[in-house]
Amino acid sequence: MPNFVPKINPAILAKALATPPAIQQEAHINDYAGGLRVVWKNQKYDVETSKVKFYGGVTAYYGPTILKCEELELWLDEYRGEAKGSVHVDDPDGTFDSKNFIFNWKLKTAQASPIQLRVDRLEAKATFLDISQDRWILEGIYLTTSKARRPDFAIGAKKVTVRPGRTVKFENPELTFLGQKIRIPFTVPISLDKRVEGLRAPSLSFRRGAGLGLAWQSGAILSEGREGGLTKSLSADLSVFPRTLPISSITYVISGVRPSASTGFVKPRSELLERFSDSALESIIVKTALQERRFFQTPRRTVAIGMAYNQDALGRRSSDNSVSKRLEVTGEVGGPIQDGGIFGQLRLQDIRVKSGTAYQVRAVGLGSFLSPNVRIGPKLEGHIRLDSHMSVGAKSNGFGWLRGAAVLGYQPTPGLTLGGQVFDSLQAGSPAFELDRLYANRGVNLRADVKRGPYGFSALWKYDFDRGKWYDTEFTASFAAGSYEPYFTTKLFPRTYIFGVRLRAEDLFDRLAAREVKRKKGSAVHP
């Protein structure tokens with residue numbers, strides 16, 4: 001038998017002899033009270049102090065949050081931990097880097113220095129962070145939504161205090177807008193409380209048929225009861241335009257919803273707004289179907305008393321409305337049903353719909369139901385929506401309608417969303433005012449949303465079966481440019497044009513506005 005000698009590459013042989021084989025270290029897992037899990041390779045334990053030290057690379061899991069560091073010390077009796085070295089935290093809401101991170105996983109408090117934070121498009125750096133149960137304090141902070149070396153928008157401040165759901169206070173902030181710096185030598189508070197409008201200065205406003213005028217709208221929490229108590233607020237608005245009567249209202253509100261659960265205005269929604277304007281298939285201003293679902297899932301238990309003068313009733317059959325209410329008492333309820341919800345109002349009004357006519361007393365009831373989403377296919381889902389209106393009084397024996405809509409949503413690709421709904425209605429009785437009637441009794445609405453890179457475009461079409469015509473077309477277009485997003489919106493009925501610029505940090509402020517930390521759905525992949 002011939003000898004067989006394999007060919008050996010000298011370079012490969014030398015490298016193999018010079019590099020020792022890697023030794024796979026076994027990973028250990030410890031679970032602790034309070035929901036903390038630690039994956040480690042090396043540990044030391046002190047029985048007297050109940051202190052355990054992990055080193056050589058450590059990963060800790062707390063719900064959907066993952067912490068990685070070089071070294072981790074835990075004081076088990078105190079539920080306290082200290083992460084050292086290259087500390088990195090991954091969370092569904094963002095990422096966090098620091099050199100030293102001290103935390104209490106039972107009390108949900110933390111201190112860190114220095115830090116680098118990324119949430120959506122926003123990046124922030126600070127020399128020190130202190131998180132307590134009801135506030136965050138950041139010192140030496142600089143934040144921006146721009147990716148450019150010379151950011152078009154940035155905020156720096158000596159100190160920032162955040163009380164989630166209440167306020168953000170910037171001490172001596174320095175703002176950067178399009179390369180221009182503005183230094184403000186005092187503390188600037190910003191309200192995060194979405195239950196009221198906040199205190200605002202008058203602003204210029206445009207009204208079709210009247211021109212430019214001044215508009216002012218504000219609201220404030222008067223008293224906030226303890227957990228289980230009542231929240232009381234006051235809201236008012238005033239608009240003055242040439243050649244028209246002033247438009248005004250004032251409303252006193254008592255809400256039984258816990259502050260931590262309230263995510264919307266406690267003031268009852270006006271029945272004079274364009275109908276179904278909280279729906280993505282009725283208003284182009286509603287960005288997504290999720291926004292409509294959030295409206296229905298907002299808890300409501302509210303009683304309000306107020307008055308209003310010369311208000312517009314939008315999207316009605318008659319266009320000469322100038323509604324005034326000498327006195328109005330409103331009760332509003334609502335809340336989630338699985339991932340759907342209900343909404344209802346009862347109104348007692350002393351009302352007139354035209355200037356110079358007599359006031360009349362009546363009762364109005366409104367109700368809406370949104371069903372949970374039903375998955376029909378991998379990219380197709382649907383739901384049902386019901387809306388109703390009933391009124392009695394004001395020289396009417398009663399009037400009411402019930403409207404049902406079957407809705408479908410389809411997303412063939414990530415950048416394209418299509419939607420449509422078919423609706424029909426029943427009505428009975430004779431209305432006291434023409435504004436009580438539906439504008440369209442039967443019809444179909446179609447919508448398309450396109451998102452490609454920095455460009456966004458949405459279109460909505462509404463067809464009335466009875467009139468046999470497309471009675472409303474709505475468009476909106478936007479362009480993401482650095483930290484800003486210019487946009488344009490137009491509606492055929494009621495005729496509306498809106499130009500504006502949004503700061504691309506809406507998701508961040510939505511999260512800061514929450515009284516309770518409700519992180520996005522998701523969970524860490526535990527070992």
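For the single chain, residues carry numbers from 1 onward in sequence order.
Side chain of Thr298 to backbone of Phe296: no donor-acceptor contact under 3.5 angstrom is found. Between the side chain of Gln297 and the main chain of Gln338, a donor-acceptor pair closer than 3.5 Å is present. The main-chain N or O of Leu435 is found under 3.5 Å from a side-chain atom of Arg316 such that the two form a donor-acceptor pair. A donor-acceptor pair under 3.5 Å is formed between the side chain of Ser396 and the backbone N or O of Ser430. Looking only at distances, a side-chain donor or acceptor of Arg317 sits under 3.5 Å from a matching main-chain atom of Leu438. A donor-acceptor pair under 3.5 Å is absent between the side-chain atoms of Ser233 and the main chain of Ile221, judged by distance alone. Side-chain atoms of Asp449 do not come within 3.5 Å of backbone N or O of Ser458 as any donor-acceptor pair. Listed for the Thr144 side chain is a donor-acceptor partner under 3.5 Å among the backbone atoms of Phe153.
Within a 6.0 Å radius of CZ in Arg375, other residues, nucleotides and ligands contribute more than 12 heavy atoms. Within 6.0 Å of the NZ atom in Lys169, the count of heavy atoms belonging to other residues, nucleotides or ligands does not exceed 12. Around CG of Asn397, the count of heavy atoms belonging to other residues, nucleotides or ligands within 6.0 Å does not exceed 12.
With a 6.0 Å cutoff to the six-membered ring centre and a 45° limit on the axis angle, Arg467 does not count as a cation-pi contact of Phe493. Judged by the 6.0 Å distance and 45° axis criteria, Arg442 is not positioned over the aromatic ring of Phe465.
Contact between Ser283 and Leu460 at its shortest, heavy atoms only, is N-CD2, 3.7 Å. Closest of all the heavy-atom pairs between Phe241 and Leu212 is CD2-C, 4.0 Å. Minimum heavy-atom separation, Thr357 to Arg352: O-CD, 3.3 Å. Summarising the geometry of Gly404 relative to Leu386, their closest heavy-atom pair is CA-CD2, 3.7 Å, with the distance given to 0.1 Å. The minimum heavy-atom distance linking Tyr471 with Leu492 is given by the pair O-CD2, 3.9 Å. Pairing each heavy atom of Ile337 with each of Pro372, the nearest pair is O-CG, 4.1 Å.
The distance from the CH2 atom of Trp470 to the CG atom of Asp464 is 11.0 Å, given to the nearest 0.5 Å. The structure places CG of Leu408 at 5.5 Å from CG of Leu380, a figure rounded to the nearest 0.5 Å. The distance from atom OG of Ser255 to atom CZ of Arg301, rounded to the nearest 0.5 Å, is 7.0 Å. Remark: Asp312 CG to Ile247 CD1 distance equals 5.5 Å, nearest 0.5 Å. Put simply, CH2 on Trp401 and CG on Asp436 are 9.5 Å apart, with the number rounded to the nearest 0.5 Å. Distance check: Gln291 CD to Ile285 CD1 gives 10.0 Å after rounding to the nearest 0.5 Å.
Between Arg269 and Ser277, the side chains place a donor N or O and an acceptor N or O closer than 3.5 Å (distance only, hydrogens not considered). In summary, the side chains of Ser478 and Glu485 do present a donor paired with an acceptor at a separation below 3.5 Å, with no hydrogens or angles considered. With 3.5 Å as the limit, one finds no donor-acceptor pair spanning the side chains of Gln349 and Arg347.
Ring-centre distance between Phe369 and Phe343: not below the 6.0 Å cut-off.
Classification of Glu123 and Arg118 as a salt-bridged pair fails, no side-chain N sitting under 4.0 Å from a carboxylate O. For the pair Glu474 and Lys462, the salt-bridge criterion is met [side-chain N within less than 4.0 Å of a carboxylate O].
Ring geometry for Phe479 against Tyr455 counts as tilted: the plane angle lies between 30° and 60°, on a 0 to 90° scale.
The one candidate from Lys287, Arg385, Arg447 that meets the salt bridge (Lys or Arg N to Asp or Glu O under 4.0 Å) condition with Glu292 is Arg385.
You'll find the side chain of Phe475 stays beyond 4.5 Å of the side chain of Phe488, heavy atoms only.
A salt bridge (Lys or Arg N to Asp or Glu O under 4.0 Å) check over residues 389-403, counting only residues at least two apart or in different chains, returns the pairs Glu282-Arg403.
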